[in-house]
**Q** 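I have a structure I would like to understand better, so I am pasting it below and will then ask my questions one at a time.
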Amino acid sequence: MQNKSLYKLLILVGIVAFFTACDKDFNEIGSDVIGDDHFQLIKDDSQSVLAYNTASGQVETSNQPINSLGYYNNPFFGKTKASVVSQVLLDTVNQTIGTNPTVTKVELSLPYFSHLISKDATTGDSTYELDSVQGFSIANDKKVFNKFKLSVYENNYTLRDLDAALNFLDVQRYYSGETAIFDAYKTPVRLNDSTATVQNDEFTYSAAEIKTYKTVDGAQVVDTRSIPGMRLKLRKNFFQDKLFGAGAAGKLFNNSVFKDYFRGLYFKVEASSTSLNQGSMSLLNFKQGKIIVTYKVDVTNSTGGVTRKEKKIAISLGGNSVNLLENDYSSGYTSGIASNSNATTGAYNLFPKGGEGSMAIIKLFGDTDVKRVNANGDLYTYTNPSTGLVEGNGVPDDLDLLRNPVDKKKLLVNEANLTFYIDKDKMTGAAEPNRIYLYDLNNHRPIIDYYLDYSVASNSKNNKYVHGGIIEKTTATSAYDKRGIKYKIRLTNHMMNLISKDSTNVRLGLVVTESIGVATNAMLRSSIPVANPFYKYPSAAVYNPLGTVLFGNNIPATDPNYAKRLKLEIYFTKPNSN
């Protein structure tokens, strides 16, 4: 009976939480009740807002849950090559090998992110579509992915757990710009040396179901079916020597010994010679990667004869990893960052770009601060008698006025939004990030609206949809023809705290995000002077290789895009003067 009562209570709590989240649009108004004839709704979009850009520089990419792999030429941002270094670990340590082991096959498998489209009831064949892959053409409303060169090498550089420079008291961090280190420490013999170029020089992502076959009554039939993924044949003689050669004695005893002996694989990406200006890039979970080494050993039977028996060794890619990013950014992007980084005037365009990219820094209510507030709640100008200079109070005047209105009527915030319009001309033909993320840059954490939004979507990437930041697109017959219009982020509770509770008006950071559920931070190689103490960067922005171009605040009134400038919209009510 107690269990049933608890179950009913949990259901009730869940229902209340659901409707609270769904009704958050107009009910987050604190303890004040709005809705009778004594109140009226007012829209204010006149408040100052400054937004400008800064590049991230090298970002920490060690041990990410998701890595980019591939070569992608973004029509606006330029070219990026994403390679991965991963440690290898034995699934079973101290495994009994057997006598006279001979490797017969080595296969590396790594599943792609995909979803099922349909399944043929007659053949049993499944049709899939890949998720999170950029760089493709469309044929018959299907994606055809571009080629790139993929080389798998043995890595000889130790990926440490702890940082020796910090007396092993902190984790070892690796950064996006360390390609040269791993190039210098790789064994130069390529392990994926198949004569089939789709395995290396012309590697392509494929959405095809993976099937293996067996012979039954003289006919080939499907044995196993797997979701789409990478399948690479690796050099048998390398693994023969690595696992069973003279130097391998005692190296399979445990993973501490093994990962020092076999330090991992380096998945190095380059442009394909047949597709120098194209390519494709995917997000992958390398910790799901597996190498299966199939080998045969001698087995003595009951009559004293010797037969050969097949055995396997499973090796996972579950150890430390690093995502290496090499960027050849376009002049349009680099010059755009340089000319739109003025923290005083703000920017015409904003360039949030994932990976080793850039972000926008936003100051709500601007920088104008020449007023103070007296005991009566009135704003006045204070001149320092010693210096003769006008001095404010450390709070932007626009915010002071909202906190202390001239008519002395309490302002009740009903809703507040920032709407970012996409510069569609610059983003023509470019893949667009599904979501952007606004956070407290001073304290490197989400704003309160993030925490108070419990809305859940069928796709977890669209959770917290009330808080928003999800791209809004045009309508089109084909999903591939839809283009982004804008992103809207609701910061109602943040604004309530600023106006009603005198919270600190922190700087806000704007980045692209791969997953709204990830609110952790990665480290930057060095802090950025214009944003000091800016030394952390949202991890989910590092995972996402995409970027977008948005309109900022500094757009002249005569400009045709003036109406699309960044604005802070506040909907509020005041007691009726009658």
Side-chain angles (χ1 to χ4, degrees), residues 42-55 74-78 329-353 357-371 390 392 395-402 416-430 432-433 436 438 441 468-469 471-474 483-491 495 505 507-512 528 530-531 547-571:
I42 304 169
K43 176 183 177 181
D44 182 1
D45 60 4
S46 65
Q47 304 302 323
S48 299
V49 57
L50 277 173
Y52 57 98
N53 300 281
T54 186
N74 186 294
F76 176 77
F77 291 94
Y329 283 140
S330 68
S331 59
Y333 173 47
T334 55
S335 63
I337 291 289
S339 60
N340 286 271
S341 58
N342 191 310
T344 302
T345 62
Y348 184 97
N349 277 133
L350 304 175
F351 304 94
K353 166 72 174 68
S358 54
M359 64 176 293
I361 297 176
I362 298 171
K363 298 179 180 179
L364 300 179
F365 305 107
D367 281 331
T368 303
D369 175 25
V370 296
K371 302 287 187 181
V390 174
V395 177
D397 292 343
D398 282 357
L399 179 54
D400 267 334
L401 189 58
L402 291 177
N417 304 303
L418 284 172
T419 301
F420 300 87
Y421 283 90
I422 296 168
D423 190 330
K424 291 189 281 188
D425 289 340
K426 289 185 173 63
M427 287 297 291
T428 299
E432 297 178 291
I436 57 177
L438 188 75
L441 181 59
I471 193 170
E472 297 180 30
K473 292 185 175 183
T474 58
R483 301 301 300 168
I485 302 170
K486 62 183 179 180
Y487 302 86
K488 185 169 87 170
I489 297 177
R490 182 165 290 135
L491 62 166
M495 190 58 56
N505 185 31
R507 295 171 305 166
L508 302 175
L510 184 77
V511 295
V512 300
I528 298 176
V530 297
T548 187
V549 184
L550 310 172
F551 288 110
N553 67 286
N554 191 12
I555 300 179
T558 55
D559 191 288
N561 293 310
Y562 179 70
K564 297 179 181 179
R565 72 194 185 281
L566 174 61
K567 290 184 290 185
L568 171 62
E569 297 175 333
I570 306 174
Y571 295 85

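Count residues from 1 along the sequence. Note that the coordinates shown come from a computational prediction; the quantities given were computed from them, not determined experimentally.
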**Q** Just by distance, do the side chain of N554 and the backbone of Y52 share a donor-acceptor pair under 3.5 Å?
**A** no

**Q** Exactly one of N342, N340, N561 should register a side chain to side chain donor-acceptor pair (under 3.5 Å) with Y348. Which one does?
**A**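 Among N342, N340, N561, the one that satisfies the side chain to side chain donor-acceptor pair (under 3.5 Å) with Y348 is N561.
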
**Q** Does a sphere of radius 6.0 Å around OH in Y421 hold more than 12 heavy atoms from other residues, nucleotides or ligands, not counting ones at 6.0 Å or beyond?
**A** no

**Q** Taking atom types as modelled, is there a side-chain donor on D44 or S46 under 3.5 Å from an acceptor on the other?
**A** yes

**Q** With rounding to the nearest 0.5 angstrom, report the CG to CG distance, L508 to L438.
**A**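 The distance works out to 4.5 Å.
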
**Q** Search all heavy atoms of K486 against all heavy atoms of I422 and return the closest pair with its distance.
**A**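 Nearest heavy atoms, K486 then I422: N-CD1, 3.9 Å.
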
**Q** Supply the atom-to-atom distance K426 NZ to S330 OG, rounded to the nearest 0.5 angstrom.
**A**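 Output value for this atom pair is 11.0 Å.
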
**Q** Does the side chain of L510 reach to within under 4.5 Å of the side chain of F420, using non-hydrogen atoms?
**A**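 Result yes, sub-4.5 Å side-chain heavy-atom pair found.
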
**Q** Is a side-chain donor or acceptor of N553 paired with a backbone partner of L566 at a separation under 3.5 angstrom?
**A** no

**Q** Under a 3.5 Å distance rule, please check whether N417 uses its side chain to pair with a backbone N or O of I570 as donor and acceptor.
**A**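 Between the backbone of I570 and the side chain of N417 there is no qualifying donor-acceptor contact (under 3.5 Å).
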
**Q** Given 3.5 Å as the limit, does a donor-acceptor pair link the side chain of E432 with the main chain of G484, or not?
**A**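 Yes, the answer is positive, given that a donor and an acceptor are paired below the 3.5 Å cut-off.
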
**Q** For residues P352 and L550, report the shortest heavy-atom separation together with the two atoms involved.
**A** CG-CD1, 4.0 Å

**Q** Of all heavy-atom pairs between I489 and G469, which one has the smallest distance, and what is that distance?
**A**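 In terms of heavy atoms, the two residues are closest at CG1-CA, 3.7 Å.
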
**Q** Can you label the angle between the F77 ring and the Y333 ring as parallel, tilted or perpendicular, going by 30° and 60°?
**A**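 Rings of F77 and Y333: perpendicular, over 60°.
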
**Q** For I42 and Y571, run side-chain contact (heavy atoms from CB on, under 4.5 Å): C-alpha distance rounded to whole Å, both residues' side-chain angles, the deciding distance at 0.1 Å, then the answer.
**A** CA-CA 6 Å; I42 304 169; Y571 295 85; over 6 Å; no

**Q** Please lay out, stage by stage, how N349 and F551 fare under the test side-chain contact (heavy atoms from CB on, under 4.5 Å).
**A** CA-CA 5 Å; N349 277 133; F551 288 110; 3.9 Å; yes

**Q** Does the S341 side chain pair with the main chain of T54, one donor and one acceptor, at a distance under 3.5 Å?
**A**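 No: the side chain of S341 does not pair with the backbone of T54.
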
**Q** Classify the side-chain pair S358/N53 by whether it contains a donor and acceptor separated by less than 3.5 Å.
**A**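 On atom types as modelled, these side chains do not qualify, holding no pair under 3.5 Å.
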
**Q** Do you know the tightest heavy-atom contact between Q47 and L568?
**A**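 Nearest pair, atom of Q47 first, then L568: CB-CD2, 4.1 Å.
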
**Q** Atom NZ of K488 and atom CD1 of I436: how far apart are they, to the nearest 0.5 Å?
**A** 12.5 Å

**Q** Nearest 0.5 Å please: distance from the CZ atom of R490 over to the CG atom of L418.
**A**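 One gets 12.0 Å once the value is rounded to the nearest 0.5 Å.
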
**Q** Checking E569 against T419 for the side-chain contact (heavy atoms from CB on, under 4.5 Å) test, could you report, in this order, the C-alpha distance in whole Å, the side-chain angles of both residues, the deciding distance, and whether it holds?
**A** CA-CA 8 Å; E569 297 175 333; T419 301; 4.1 Å; yes

**Q** P396 and G366: which non-hydrogen atoms are nearest, and at how many Å?
**A** CG-O, 3.5 Å

**Q** So which atom in D369 and which in G392 form the shortest heavy-atom distance, rounded to 0.1 Å?
**A**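 Heavy atoms only, the tightest pair is OD1-CA, 3.3 Å.
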
**Q** Within a strict 4.5 Å, meaning less than it, do heavy atoms of the F351 and M359 side chains meet?
**A**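 Sidechains of M359 and F351: no contact.
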
**Q** Quick one: pull up CG in L50 and NZ in K363 and give me the separation to the nearest 0.5 Å.
**A** 6.5 Å

**Q** Strictly distance-based, threshold 3.5 Å: is any side-chain N or O of R483 a donor or acceptor partner for the main-chain N or O of M427?
**A**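 Yes; judged by distance alone, with no hydrogens or angles, the pair exists.
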
**Q** Would you mind reporting whether I362 and V49 have side-chain heavy atoms less than 4.5 Å apart?
**A** yes

**Q** side-chain contact (heavy atoms from CB on, under 4.5 Å) for I485 and K473? Distances and angles first, verdict last.
**A** CA-CA 5 Å; I485 302 170; K473 292 185 175 183; 5.7 Å; no

**Q** CG of L399 to CG of L364: how many Å apart, nearest 0.5 Å?
**A**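 Rounded to the nearest 0.5 Å, the CG-CG separation comes out at 9.0 Å.
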
**Q** Check this for me: does any side-chain nitrogen of one of K371 and D400 sit under 4.0 Å from a carboxylate oxygen of the other?
**A**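 Between D400 and K371 there is no salt bridge, as every charged N stays at least 4.0 Å from the carboxylate O atoms.
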
